[in-house]
Amino acid sequence: MLRLFAIIFLVILSYIANAQLPAGSGKIYSPDGRSILTLSVSKDSTMFFSVARDGKTYIDTARISLYFEGDNHNAVNPAKISDTKYYKVRDTLRSPLWERAVQKNHYNELVMKFKSGKRLVSLRIRAYDQGFATGFDIADAEQKKVDDYHTTYHWTNSGIFHLFDSKTEDGYSSILGKDRSTAIAPLLTLSTVDTLVALTAEGANYEFFTRAKLRLDNFSVTIGQNGLYKIGNYNTPWHCVIFADNANDFIEGKYIIRSVTRAASGDYKWVKPGKVYRHIGNKDADFATENVKRSIDFASRMRFQYLLLDNGWYGTGYENEFDPNSNPTTTVSTLDLPEAIRYAKLKGVGILLYFNKTAFSNFSSDSVLTVYSKMGVRGVKLGFFKNRSQLDNVLASRIITKCASLGMVVNVHDEYRSTGIERLYPNLLTSEGLRGNEYLDNTGNHTTVLPFVRYMVGPADYTICYEPADTSRLGLKTTKAHQLALSVILFSPLQHIFWYGSPEWYSNELEAELFKTIPTVWDDYKLIDGFPRRYMSLARRKGDTWYVASITGLAKKSFSFPLSTLTKRRCSVTVYEDGDAPNSIKKTSFVAAPTDTLSTSLRLNSGSVMVIKPVK
């Protein structure tokens, strides 16, 4: 490692005109004072910082690099600093569409401006109680493209290993921290010799390359993008690290991704979250109007807010969704879409429509969306947005913006994943970007890691499946109570349920009654207990009702907690858990006092849900 100057960063900057740093001489503290980011300059005049928590150094070297096209020098150059400012922010983030309606948003921020010719680059460094983030504001009269933008963090704990995702639908693999590999953000880092839990992620990636690349080598993690927009003024994506020495503080840090994102302008009160039933088929006859009405009836009976017409309803049908000639402005001959929309409205159900990216690449997305908006369609699901180029993300942003102007909600599928931008685009209710339940062989080993990785950066559409009451048609590797619990643990304002199921499968009211009442957006949440690939127990509140959901991976686990941790009131408790018979649900109810301890004991790949309501 490069030899450090023996002088502190403040002294270095004192020779630079107009430079000012806050008290603490080159240090940025988290609001709680427990974390310290110490800025330094190395022998080759490169700026870097270290990160310590409670006196222990976790990252000894974090370097930020920004190279513009045609330049061969790092724009982050201490000798080029023209100004520094320090900000103390203590406010809140608010939205009725999130998993916490009111979120504390506290951080300390240092902004350093680097001037180079006609270009002004502002580096922002923010310190939070649960992590930190860095990003750039760029004002560039020359309109040069960013050729390479990356940040490298070197972890001091040699016992770390990484859970990483190289392709979004492959699930998560693990490697030792010393080994080399490549991945995509976000990346989970765990320690075998300490209690460290850390996530490396990107935030506020509006129209750039959303799948930030990661390089892993010798306990270093490098996150970066290249080929960013060639425009005059813009913000780079933020590079964020959420870290803690316990799972509860770590989960609390997920708001950081939204904190670095711009807030929406305009009124989005019309955005309606909800549960979705998917109407599927692989031939035109499956989309006959009478079949669609049958699905609408089922969605209404289950108190779902939406029905999705998935692949196969438009153009030349199911087999031809990648055909550029499959016209998205026409339905298959068996479907009377205006009649289906009319019928759905009578039943209190909104219609969502699926479109392959191919359709919007060959037909005007604005024109197509306007046509269906006038018919009364409430939203769209976008398929096969890979985000392997900026074109995908630019197209997605344009569609999301157009849908907002038309009063339509959006769900983006396949490799597209959120970076907190649902704060800027509230009608973007969810996205995929994970190995969802369409892969029926997913086990609790997978679902218990999702809250610590994918769901840390935004809502995700897991497409929950559910077995029928009479038999096991789908061959799921997790139990029915596990699937019930996923609808609480895995946050998605648009929550698809019964992904492969047919309406006639669910005639047993007890088997599916919980799905009728589970909300999809929440007022608050609390972690009961959890660890990646082992178990997860999470409490969510809507109004005065708490839902406590627990799942296990490939091991048994018991959970217990005092009711007083959630409420001081006497409550009725309804528990849904796996029954004694195979593929069944058991329901029990009782009244509990605040001094009581509630508990559940789960076998592997199992789950339970407690519904806790105050006794009036």
Side-chain angles (χ1 to χ4, degrees), residues 99-104 195 244 246-252 254 444 447-448 451-452 455 478-491 509-532 534-553 555-581 584-616:
E99 53 188 327
R100 179 174 283 154
V102 181
Q103 171 67 56
K104 182 179 72 173
T195 54
N246 62 82
N248 184 70
D249 287 348
F250 176 75
I251 293 292
E252 283 292 320
K254 66 171 66 179
T447 55
T448 55
F452 294 91
Y455 286 87
T478 54
T479 67
K480 298 190 80 165
H482 187 106
Q483 298 298 103
L484 286 178
L486 291 181
S487 64
V488 177
I489 291 175
L490 303 184
F491 173 65
E509 284 297 314
L510 171 60
E511 292 283 344
E513 70 175 10
L514 182 61
F515 286 133
K516 292 183 177 180
T517 58
I518 284 179
T520 63
V521 293
W522 307 86
D523 296 324
D524 199 7
Y525 66 85
K526 291 184 180 182
L527 180 71
I528 303 298
D529 198 3
F531 196 83
R534 298 181 188 175
Y535 50 84
M536 184 68 174
S537 184
L538 187 70
R540 295 194 186 275
R541 179 177 62 82
K542 187 68 174 179
D544 60 3
T545 301
W546 284 93
Y547 294 76
V548 180
S550 307
I551 56 174
T552 52
K556 299 177 181 179
K557 176 67 177 176
S558 294
F559 302 93
S560 63
F561 61 94
L563 179 57
S564 59
T565 60
L566 302 180
T567 179
K568 305 301 181 184
R569 301 170 66 180
R570 186 175 175 85
C571 292
S572 67
V573 181
T574 302
V575 182
Y576 296 88
E577 55 193 340
D578 291 302
D580 298 327
S584 66
I585 289 293
K586 178 174 65 175
K587 174 184 174 182
T588 56
S589 299
F590 56 91
V591 175
T595 53
D596 291 342
T597 296
L598 304 182
S599 62
T600 185
S601 184
L602 306 179
R603 62 181 188 266
L604 58 87
N605 284 321
S606 185
S608 70
V609 179
M610 298 180 184
V611 183
I612 302 171
K613 297 182 178 181
V615 175
K616 298 180 180 180

>> With a 3.5 Å distance limit and no angle check, can you tell me whether Ser550 reaches the backbone of Ser608 through a side-chain donor-acceptor pair?
In response: no
> Can you name the closest pair of heavy atoms from Pro451 and Ile251 and give their distance?
Replying inline: O-CD1, 3.8 Å
> Below 4.0 angstrom, N of the basic side chain to O of the carboxylate: do Lys587 and Glu509 qualify?
Replying inline: no
> Would Tyr535 and Phe559 count as a side chain to side chain contact (heavy atoms under 4.5 Å, CB included) if you check the C-alpha gap in whole Å, the side-chain angles of each, and the deciding distance to 0.1 Å?
Replying inline: CA-CA 10 Å; Tyr535 50 84; Phe559 302 93; 3.7 Å; yes
>> Closer than 3.5 angstrom, by distance alone: can the side chain of Asp578 be matched with the main-chain N or O of Ala481 as a donor-acceptor pair?
In response: yes
> Do the non-hydrogen side-chain atoms of Thr448 and Phe531 ever get within less than 4.5 Å of each other?
Replying inline: no
> Thr552 side chain to Asn605 main-chain N or O, any donor-acceptor pair under 3.5 Å?
Replying inline: yes
>> How close do Cys571 and Leu563 get, counting heavy atoms only, and between which atoms?
In response: CB-CD2, 4.2 Å
> Got a salt bridge between Lys104 and Glu252, using NZ or NE/NH1/NH2 to carboxylate O under 4.0 Å?
Replying inline: no
> Do you know the tightest heavy-atom contact between Ser606 and Thr479?
Replying inline: CA-OG1, 3.4 Å
> Under the side chain to side chain contact (heavy atoms under 4.5 Å, CB included) criterion, do Thr478 and Ile551 qualify, and how do the steps go?
Replying inline: CA-CA 9 Å; Thr478 54; Ile551 56 174; over 6 Å; no
>> Tell me whether the count of non-hydrogen atoms from other residues, nucleotides or ligands lying under 6.0 Å of NZ in Lys556 goes above 12.
In response: no
> Does atom NZ of Lys613 have more than 12 heavy-atom neighbours from other groups under 6.0 Å away?
Replying inline: no
> Restricting to pairs with a member in residues 591-609, which pass salt bridge (Lys or Arg N to Asp or Glu O under 4.0 Å), not counting sequence neighbours?
Replying inline: none
>> Using the salt bridge (Lys or Arg N to Asp or Glu O under 4.0 Å) criterion, which residues pair with Glu99? Sequence neighbours excluded.
In response: Lys254, Arg540
>> For residues 561-573, which residue pairs pass the salt bridge (Lys or Arg N to Asp or Glu O under 4.0 Å) check, not counting sequence neighbours?
In response: none
> What is the ring orientation for Tyr547 with Trp522, classed by angle as parallel under 30°, tilted 30 to 60°, or perpendicular over 60°?
Replying inline: perpendicular
> Hey, mind stepping through Phe561 and Met610 against side chain to side chain contact (heavy atoms under 4.5 Å, CB included) and telling me if it holds?
Replying inline: CA-CA 12 Å; Phe561 61 94; Met610 298 180 184; 4.1 Å; yes
> What closest approach, in Å, do Thr567 and Pro594 show between heavy atoms, and which atom pair accounts for it?
Replying inline: O-CB, 4.1 Å
